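Right, one structure below, let's go through it.
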Amino acid sequence: MASSGIKLKRRAEFLRVAAKGTKAPMPGLVLQAMRRPDEAPARLGFTVTKKVGNAVARNRTKRRLREAARLVLRREALRGTAVTGVDLVLIGRDGTARRPFPALLDDFGRALRRTGALGASRRSDPPIEPGE
RNA sequence: CCAGACGGCUGGACGGUCGCUGUCGUGCGUGCACGAUGGAGGAAAGUCCGGGCUCCACGGAAGAACGGUGCCGGCUAACGGCCGGCGGGGGCGACCCCAGGGACAGUGCCACAGAAAACAAACCGCCCGCACGGCGUGACGGCCCCCGGUUUCGACCAUGGGCCGCCAUGUUGCGGGCAAGGGCGAAACGGUGCGGCAAGAGCGCACCGCGCUGCCGGCAACGGCGGCGGCAGGGUAAACCCCACCGGGAGCAAGACCGAAUAGGGACGGCAGAUCGCCGGCCCCGCCCUUGGCGGGAUCGGCAUCGGGGGCGCUUUCGCCCCGUCGUCCGGGUUGGUCGCGCGAGGCACGCAGCGAUGCGUGUCCCAGAGGAAUGACCGUCCCGCGGCGCGCAGGCGUCGCGGACAGAACCCGGCUUACAGGCCGUCUGGCCCC
RNA sequence: GGUCCGGUGGCAGAGUGGUGAUGCAGCGGACUGCAAAUCCGCGAAUGUGGGUUCGAUUCCCGCCCGGACCU
């Protein structure tokens with residue numbers, strides 16, 4: 001996970017982001033973002049509740065969210081608009097595991113701008129070639 | 001070919017791009033890069049059993065309580081598992097199902113119905129006797145009265161009625177015999193048939209069941225044959241219980257090691273207020289004609305007294321408790337890190353023994369180790385199934401769409417149970433057709 | 001990782017082998033000028049699959065769901 005920064009692990013960290021951050025619900029996921037005073041790389045955490053399904057469904061949901069975050073954050077870094085100084089929590093939803101992957105990438109990109117974690121200057125993103 | 005029974009296997013394939021993680025190697029910027037290589041299951045699940053391992057407890061142990069298991073033999077490290085038998089039940093059959101020890105150790109329960117529900121009895125009923133009984137009906141005999149007819153006047157035929165006797169039968173009561181039949185029920189002192197009897201009854205007999213017993217087969221559960229006994233007396237133990245056997249407790253968050261800053265605990269030592277108080281040790285000086293004593297000074301310790309700050313007891317008087325700094329050592333311990341943690345009751349192949357579970361031998365292989373928790377994300381081609389459309393007599397071919405299960409290791413192993421799209425293999429049973 | 005409880009009408013909640021209470025809610029009726037309260041009546045349930053038993057909400061076993069506790 002080196003390319004996507006540090007992980008959020010402790011329960012207290014998740015609660016702090018939920019309490020003080022900005023929330024952006026999307027069809028494929030819910031993003032919570034909270035600014036930090038420093039400019040270190042973004043820290044990521046993932047939440048998938050038992051409501052989503054059994055262990056297989058929950059793990060698959062987390063993997064797709066991780067992959068989507070990895071691809072989008074790397075694209076922004078290559079573009080010179082790296083997402084820094086922020087804690088992000090991605091929450092899986094019922095449909096996350098079945099949502100078409102390009103749509104999931106788009107959900108996450110839009111959520112980043114909605115929460116202000118990424119500059120909202122750009123209208124649209126060039127599509128990420130799958131498996132690039 | 002159809003229907004079915006049982007056992008076993010499998011549960012997508014190939015490729016591309018981008019990622020995650022263990023190990024090994026190289027490099028240096030010591031956590032990164034590059035290369036090589038490994039990376040979920042038959043149930044990884046439920047946590048229903050059995051073990052290994054670790055810690056705790058304990059003199060070996062035994063017992064109580066509690067819990068579990070329960071036909072016999074075998075397998076196994078062990079088991080509540082498996083295999084092979086036995087007994088019972090179901091199916092035409094292959095085959096399937098069964099907690100299947102003990103009801104003369106004791107206790108409890110058996111609703112409703114029924115006379116009666118467990119210890120003996122008798123509601124209806126059957127039979128005998130008595131009431132030489134009463135009543136009803138019928139037959140017979142005797143006597144009397146009466147309608148009518150015939151008449152040889154003796155009588156005869158015939159109708160209705162009364163009384164008496166007697167028999168049969170029904171009914172009522174009492175006494176006795178019986179338990180076959182009826183009826184109730186899930187269950188009622190064994191079942192069927194024949195004989196027998198006043199009526200009946202294992203009362204007698206045959207067969208079946210049951211109990212006891214002998215012999216034979218079997219390691220055993222059990223089975224077979226024979227003899228004896230006329231039946232020895234309900235069910236329920238997945239009701240309490242009795243008997244036999246098994247079980248010490250906790251669990252990898254077990255447990256072991258390392259351990260920063262800061263804070264805090266304990267022990268020891270040094271230094272820390274005052275007093276012309278008392279006692280003691282040591283050092284110095286002076287005197288006393290000396291292995292000793294006296295006086296003075298300095299220092300240390302103990303005791304006593306007086307004090308400082310804080311808290312509590314109602315404010316005071318008063319009482320109780322706590323309180324400095326430095327050094328060394330010991331112990332505990334938070335976030336965290338390392339180990340435990342991957343060679344094992346191991347996988348595969350072959351052979352041997354055994355009906356089998358399984359065991360033995362030989363060869364060969366090393367095969368996941370994460371920690372907000374890796375083992376993936378996306379795409380393409382193929383495969384399989386279903387559906388639509390087109391072509392074709394048909395087998396089929398082409399094309400499009402949809403779908404491809406249950407499910408994710410967390411110390412490990414042996415079982416059980418539960419979930420599971422589809423596919424494959426083998427053995428067997430019943431039926432139909434053809435040769 | 002381990003242990004222990006529970007599941008009964010729409011809701012709450014009794015029932016220890018034989019017929020499943022009761023309250024609230026709902027519906028209908030009575031009462032009232034109309035309501036409320038009150039009275040009368042009605043419907044509706046044993047999580048699921050097996051087993052033991054003559055008979056199971058109850059006893060036994062397997063699943064499903066919910067909850068609690070310990071480490």
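As the structure is a prediction and not an experimental result, all values here were calculated from the model. First the proteins, then the strands, lettered A, B, ... as listed; each starts at 1.
- A:Leu90 contributes atom CG, which lies 9.0 Å from atom CG of A:Leu104 (distance to the nearest 0.5 angstrom).
- One distance of note links CZ of A:Arg93 with OG1 of A:Thr61; it measures 12.0 Å at 0.5 Å rounding.
- Comparing A:Arg63 and A:Ala97 by the nucleotide of RNA chain B that holds the closest heavy atom to each, the one mapping nearer the 5' end is A:Arg63.
- Comparing the C1' positions of B:C350 and B:G27 gives a spacing of 49 Å, expressed to the nearest Å.
- Within the shown strands, C:G41 is the pairing partner of C:C27 under the Watson-Crick or G-U definition, both distances less than 3.5 Å.
- Using Watson-Crick or G-U wobble geometry with both donor-acceptor distances under 3.5 Å, B:C184 finds no partner in any strand shown.
- Glycosidic conformation of B:C367: syn, with the torsion inside 90° of 0.
- The partner of B:G396, taking Watson-Crick or G-U wobble pairs whose two distances both stay under 3.5 Å, is B:C391.
- Comparing the same atom, P, in B:U76 and in B:G101 gives a spacing of 28 Å after rounding to whole Å.
- Put simply, the side chain of A:Val17 does not reach to within 4.5 Å of the side chain of A:Leu88, judged on heavy atoms.
- Atoms CG (A:Leu90) and C1' (B:A377) sit 15 Å apart, rounded to a whole Å.
- B:A260 has its base anti relative to the sugar, with a glycosidic angle deviating from 0 by more than 90°.
- Straight-line distance between the C1' atoms of B:C75 and B:G106: roughly 41 Å, to the nearest whole Å.
- The distance between atom CD of A:Glu67 and atom P of B:A374, rounded to the nearest whole Å, is 14 Å.
- The nearest whole Å value for the distance from the CG atom in A:Leu44 to the P atom in B:A373 is 10 Å.
- Side-chain contact between A:Leu31 and A:Thr115 is present, with heavy atoms from C-beta onward closer than 4.5 Å.
- Cation-pi geometry between A:Arg64 and A:Phe101 is not satisfied (NZ or CZ under 6.0 Å from the ring centre, within 45° of the ring normal).
- At the heavy-atom level, A:Arg64 lies under 4.0 Å from the strands shown only through sugar-phosphate atoms.
- Pairing partner, B:G259: none, since no Watson-Crick or wobble contact has both distances short of 3.5 Å.
- The interatomic distance linking A:Lys62 (NZ) with B:U375 (P) rounds to 11 Å, in whole Å.
- If you measure from atom CZ of A:Arg60 to atom P of B:A373, you get 18 Å, rounded to the nearest angstrom.
- Base pairing of B:C287 is made with B:G293, judged by Watson-Crick or G-U wobble geometry with both donor-acceptor distances under 3.5 Å.
- For A:Asp87, the salt bridge (charged side-chain N to carboxylate O under 4.0 Å, His left out) criterion is met by A:Arg36, A:Arg43, not counting sequence neighbours.
- Across all strands shown, B:C24 pairs with B:G35; the Watson-Crick or G-U wobble distances both stay below 3.5 Å.
- Nucleotide B:C282: unpaired (no Watson-Crick or G-U wobble partner with both distances less than 3.5 Å).
- Atom OG1 of residue A:Thr96 and atom CZ of residue A:Arg63 lie 14.0 Å apart, to the nearest 0.5 angstrom.
- Applying the Watson-Crick and G-U wobble criteria (two distances, each under 3.5 Å), B:A5 pairs with B:U427.
- Taking syn as a glycosidic angle within 90° of 0, B:G42 qualifies as syn.
- When the C1' atom is compared between B:C294 and B:G319, the two are found 48 Å apart, to the nearest whole Å.
- Glycosidic conformation at B:G154 (O4'-C1'-N9-C4 for purines, O4'-C1'-N1-C2 for pyrimidines): syn, within 90° of 0.
- One atom, CZ of A:Arg66, and another, C1' of B:C378, lie 16 Å apart when rounded to the nearest Å.
- Here B:G372 presents its P atom at 19 Å from CG of A:Leu88, a figure rounded to the nearest Å.
- Of the candidates B:G408, B:C18, B:C378, the closest approach to any side-chain atom of A:Asn59 belongs to B:G408.
- Here the separation of B:G255 from B:G340, taken at their C1' atoms, is 8 Å to the nearest Å.
- A distance of about 43 Å separates the C1' atoms of B:G408 and B:U429, rounded to the whole Å.
- B:G148 and B:C135 have their C1' atoms separated by 35 Å, given to the nearest Å.
- Taking atom CZ on A:Arg74 and atom C1' on B:C18, their separation rounds to 6 Å, with Å as the unit.
- Rounded to whole Å, the separation between the C1' atoms of B:G52 and B:G344 comes to 11 Å.
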